[in-house]
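Predicted model, so just to flag it, every value in this text is computed and none were measured. Numbered from 1 within each chain, the chains take letters A, B, ... in sequence-line order.
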2 protein chains.
Amino acid sequence: MASHGVRGRSGGRPTLEEVAARAGVGRGTVSRVINGSPRVSEATRAAVEAAVAELGYVPNTAARALAANRTDAIALVVPEPETRFFTEPYFSDMLRGVGAALSDTEMQLLLIFAGSDRERQRLAEYLAAHRVDGVLLVSVHADDPLPDMLSQLEIPAVISGPRSADETLTSVDSDNYGGARQAVEHLIGRGRRTVAHITGRLDVYGAQRRVDGYRDALRDAGHEADELLIERGDFSEEGGRRAMEALLERRPDLDAVFAASDVTAAGARQALREAGRRIPDDVALVGYDDSAIARHMDPPLTSVRQPIEEMGRAMTNLLLAEVADRRPSATRELERRQMVLATELVERASS
Amino acid sequence: MASHGVRGRSGGRPTLEEVAARAGVGRGTVSRVINGSPRVSEATRAAVEAAVAELGYVPNTAARALAANRTDAIALVVPEPETRFFTEPYFSDMLRGVGAALSDTEMQLLLIFAGSDRERQRLAEYLAAHRVDGVLLVSVHADDPLPDMLSQLEIPAVISGPRSADETLTSVDSDNYGGARQAVEHLIGRGRRTVAHITGRLDVYGAQRRVDGYRDALRDAGHEADELLIERGDFSEEGGRRAMEALLERRPDLDAVFAASDVTAAGARQALREAGRRIPDDVALVGYDDSAIARHMDPPLTSVRQPIEEMGRAMTNLLLAEVADRRPSATRELERRQMVLATELVERASS
DNA sequence: ATCACTTGTGGGAGCGCTCCCACGGTACCT
DNA sequence: AGGTACCGTGGGAGCGCTCCCACAAGTGAT
C-alpha cells in the first residue's frame, strides 16, 4: 500500500510517469526531453514541455542520483578553520569565481570546512559515501593526506596550488615564478641595485617558484647572484622581521626587498623602521598577494596580485570537464593538466 | 577504517544486501542496525556491525533519500549578496552556531545565497525540488516572498527575527525589547535625564520592539513620555546623522541618545561632533549590535550585544525538531514557536 | 521489390535503500 | 492446555529515475 504516505494522491509532486501520460508519450521520451537529448522530434519535445509546465514537474534529484550514479554536486573543501575563511579575502574571491563558473550549470556547490580533526573525520566519511561528483581543494598543505584520499577514491579533484612540480592532481595556480620576476624587474627598473628576497615556507611549492623567479630575474638583468641576499621566512610577520634583521646584518647596503607575502613584508617593514631605514627612500619594499594589509600599510605596499577569482573559475571549469569525462566511462585519459594564470603587479608607494 | 578502499570484487561499493549476506542476516535487519533501531538483538547487531566494518560499507545517500523521501540536508538561506555575508560578522557568528548544532548530526548544511534575482530564481527551483528537509532563514526583509513560498511548499522553516508579532513561522529572535530597556536603564542609571531614541526602519519588527522597550523603560523610571525625543532612522549612518540633527534642533537639552544600531550611532556621533557636543561628557551614546565599528569608534561605543551564535544554535535545534516531527506524518501540531534570547549590554566609553 | 541503415519511441530492468507485513519463537496469562 | 501478547527477523514492494534494448517507421541504395 503505502503508495502515498505523507501527501495526498494528487497532492504529491508529479513524476516522470505522470508527465509521460499527460503528454501521451513514454517514460523514456520524457526523460530524453528533460535531459536535452537530441534524439527527440520537435513535436514530441513541445508536447512534453507543455506537460511539464502544466504539471509543474520538477525532477526528483534523489531518484536521478540513484539511477544515474551521480550527485550533480561538487564540494569546495577548505582545510582551514572557519575563522580564516571569513577573515581572508582569498576565500571569498575564490568562492565568487567558483560560483560564477557554476552559475549556468545544474551543479550544486557544497562548502565544506575541514579545519578541525573532527571536521576532517566527517569529510572523510562524506567522500567515502561519494556524496559529491568532484572536489575543489584550496589552500592545501604539503603533507595533507586529502589529495591522496581523493585519488584513491577516484573522485575527480582540482587543487589550487600544486604541491610540487609533478603534482598528480589537475591543478590551477597563479604564476608564482612570473610574479616574482615582475616584482624584481620592477625594483631593478626603478634603479635598485641590491635586491634581497625573504622567502616563504619552502615546503610550499609556490614559495620555491618565487625564489626561482627572483633568481632568474636578477641573473637576466646581469646582476650577479648573491646567496647572502636570500633569507628564509615562513610567510609570517615575525618571520619577515627576523629575516629582515638578518639581511640587514649581512648586507647593510641592500636597497630593495622582495618579500614572499604581504604579511612577511609587514614584518620586514618593522625591522627596517627600527634600523632607521626609510621606505622607499632607503629601501624599496614589494610584497605578494595584494591583500588588504598591502593597501593599509604605511606606506602602502607595492604587491603582486594573484587573480584569485579567475582561478576559482578555472578550477571549476577543469573539474566540470573531468567529471563529465568520467560519465560514461569515457577513454580514461590520465593527461594531467596544470593551468597557470598570470599575476599583476600593483604599484604603490613602497617602491 | 575501511581497509579495502571502495572496490570489491564486484567493482563497486558494497550494498546493504552484501552486508546482509556477509552477516548472515536479512536486508531489513541490516537496515535496522544502520539506522539504530532498538528492535535488534545484541548478537545480531554485533554481527552486522562486524560485516559493515569488514566490507567498509557506507550507506548510499541517494538510495536512502529516494526510499525514505528525505534528504538529510537543511539549507541556510542568506537573502543577501555574498559580499555582505563575508563583511558582516553577523553571518559568520550565525554559521558557527548552526554548525555547532549540526555537528553531532547526520544532517548536512547547505549555504545558499539569494541576493540577486538570478540566485533567487535558482533558490525557488531548488526548494520546489525539495532538495532540503528544512530551511533556516536569516536577515529577511518584511516584504520578502520567501517565507510564504516555504509554507506553501510545506517545507519546515525557522526564521531569525520574526516579521511581526504574529509571525507564522517558527522564529528565534534576540530580545529587542529587553535590549532597548537595558540600554535606556543604563543611561538613566548613569544619571542621564533626557534620553532620546533614533529608531531603525520601522517596517522591521525588531526596530518597533526597540522603540517599545525605550518607551517602557522611560515610563517605568518615572520619566514622562516625550514624542519629541523619538526620531525615525533607517539603520543607516546617514539616517542616524539626519535624525540626530533633527533631535538637537527640537530638544537641545538632551543628554543621552539610544540609537537602534551601531551604524546609526556612528551617524549620530558625527552630528553631535559638528554641533560641538562631547561624548560622553555632554551627550551619552548607546548603540545596538555590538558590531566591529562599536569597538573601533572614538570613543568606543557602548552597545547592546545579541547572542548571534546562540541564535544560530537555537534556530537549528528548532528546525531539526520540526523536521523530525514531520517524519512519519506525526500529529501535525501547528503550534508556532517563538524563541527569544536575552541580550547583553557591553559598556564602553561612550556612556 | 529487397536489404541495410537511421531515427524516434516505448518500456523492462534495475539503482540501493526504507517501509511494512508476515511469521516463527518465547513469555506470560487464563 | 490453549490463548494472547509481544519480540526479532526476513523479504516483498516500491521510491522515481536512467539506461538500454527492442521495435516501428522512414530513407535510400540495390
Separation of [N] [atom2] from [X] [atom1] (nearest whole Å):
X      : N      : atom1 : atom2 : answer
A:E106 : D:dT18 : CD    : P     : 12 Å
B:E17  : C:dG14 : CD    : P     : 13 Å
A:D72  : D:dT18 : CG    : C1'   : 12 Å
A:L66  : D:dC15 : CG    : P     : 13 Å
B:I34  : C:dC17 : CD1   : C1'   : 11 Å
B:N69  : D:dG14 : CG    : C1'   : 13 Å

For [X], enumerate each residue passing the side-chain contact (heavy atoms from CB on, under 4.5 Å) test, keeping only those at least two apart in sequence or located in another chain.
X      : answer
B:A47  : none
A:E125 : A:Q121
B:A157 : B:V135, B:L150, B:L169
A:E309 : A:R96, A:R313

- [ ] Would you list the pairs meeting side-chain hydrogen bond (donor to acceptor under 3.5 Å, both in side chains) in which at least one residue belongs to residues 43-53 of chain A, sequence neighbours left out?
- [x]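 For residues 43-53 of chain A, and leaving out neighbouring residues, the side-chain hydrogen bond (donor to acceptor under 3.5 Å, both in side chains) pairs sorted by first residue read A:S41-A:T44.
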
Task: Of all pairs that satisfy side-chain hydrogen bond (donor to acceptor under 3.5 Å, both in side chains), the ones with a partner from residues 56-67 of chain A, not counting sequence neighbours - done: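 Not a single pair qualifies under side-chain hydrogen bond (donor to acceptor under 3.5 Å, both in side chains).
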
Task: Phosphate OP1/OP2 of C:dG10 contacted by A:T29 side-chain N/O (<4.0 Å) - done: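 Answer is yes, contact under 4.0 Å.
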
Which atom pairs, donor and acceptor, lie under 3.5 Å between side-chain atoms of residues 31-40 of chain B and protein residues at least two apart or in another chain?
{"residue": "B:S31", "atom": "OG", "partner": "B:N35", "partner atom": "ND2", "Å": "3.4"}
{"residue": "B:N35", "atom": "ND2", "partner": "B:S31", "partner atom": "O", "Å": "2.7"}
{"residue": "B:S37", "atom": "OG", "partner": "B:R39", "partner atom": "N", "Å": "3.1"}

TODO: Strictly below 4.0 Å, heavy-atom distances to any atom of DNA chain D: list the hits from residues 36-60 of chain A, or just say none.
DONE: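 Residues of residues 36-60 of chain A under 4.0 Å from DNA chain D: A:Y57, A:P59, A:N60.
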
Open item on the list: Using 0.5 Å steps for rounding, measure from the CG atom of A:L123 to the CD atom of A:E119.
Closed with: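 One finds 9.5 Å between CG of A:L123 and CD of A:E119.
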
Task: All pairs passing salt bridge (Lys or Arg N to Asp or Glu O under 4.0 Å) where residues 68-78 of chain B contributes a residue, at least two apart - done: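 Those involving residues 68-78 of chain B are B:R70-B:D72, B:D72-B:R327.
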
Open item on the list: Under the salt bridge (Lys or Arg N to Asp or Glu O under 4.0 Å) definition, can you give me all pairs with a residue in residues 135-144 of chain B, not counting sequence neighbours?
Closed with: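 Every salt bridge (Lys or Arg N to Asp or Glu O under 4.0 Å) pair that includes a residue of residues 135-144 of chain B, provided the two are not neighbours, is B:R120-B:D144.
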
- [ ] May I ask you to check whether over 12 heavy atoms, not counting those of A:E106, lie within 6.0 Å of atom CD?
- [x]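 No, because the 6.0 Å sphere around CD of A:E106 holds 12 heavy atoms or fewer from other groups.
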
Open item on the list: Counting primed atoms plus P, OP1 and OP2 as sugar-phosphate and everything else as base, spell out the protein contacts along nucleotides 19-24 of chain D at 4.0 Å heavy-atom distance: B, S or - for each nucleotide, 5' to 3'.
Closed with: -B----

Open item on the list: Five pairs per end, C1' atoms only: what is the angle between the end axes of the helix from C:dA1-D:dT30 to C:dT30-D:dA1, to 10 degrees?
Closed with: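 Terminal axis comparison yields 50°.
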
- [ ] Quick one: label A:N35 by what it contacts on the DNA or RNA (base, sugar-phosphate, nothing), any heavy atom closer than 4.0 Å.
- [x]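 Counting heavy atoms under 4.0 Å across all strands, the contact made by A:N35 is with sugar-phosphate only.
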
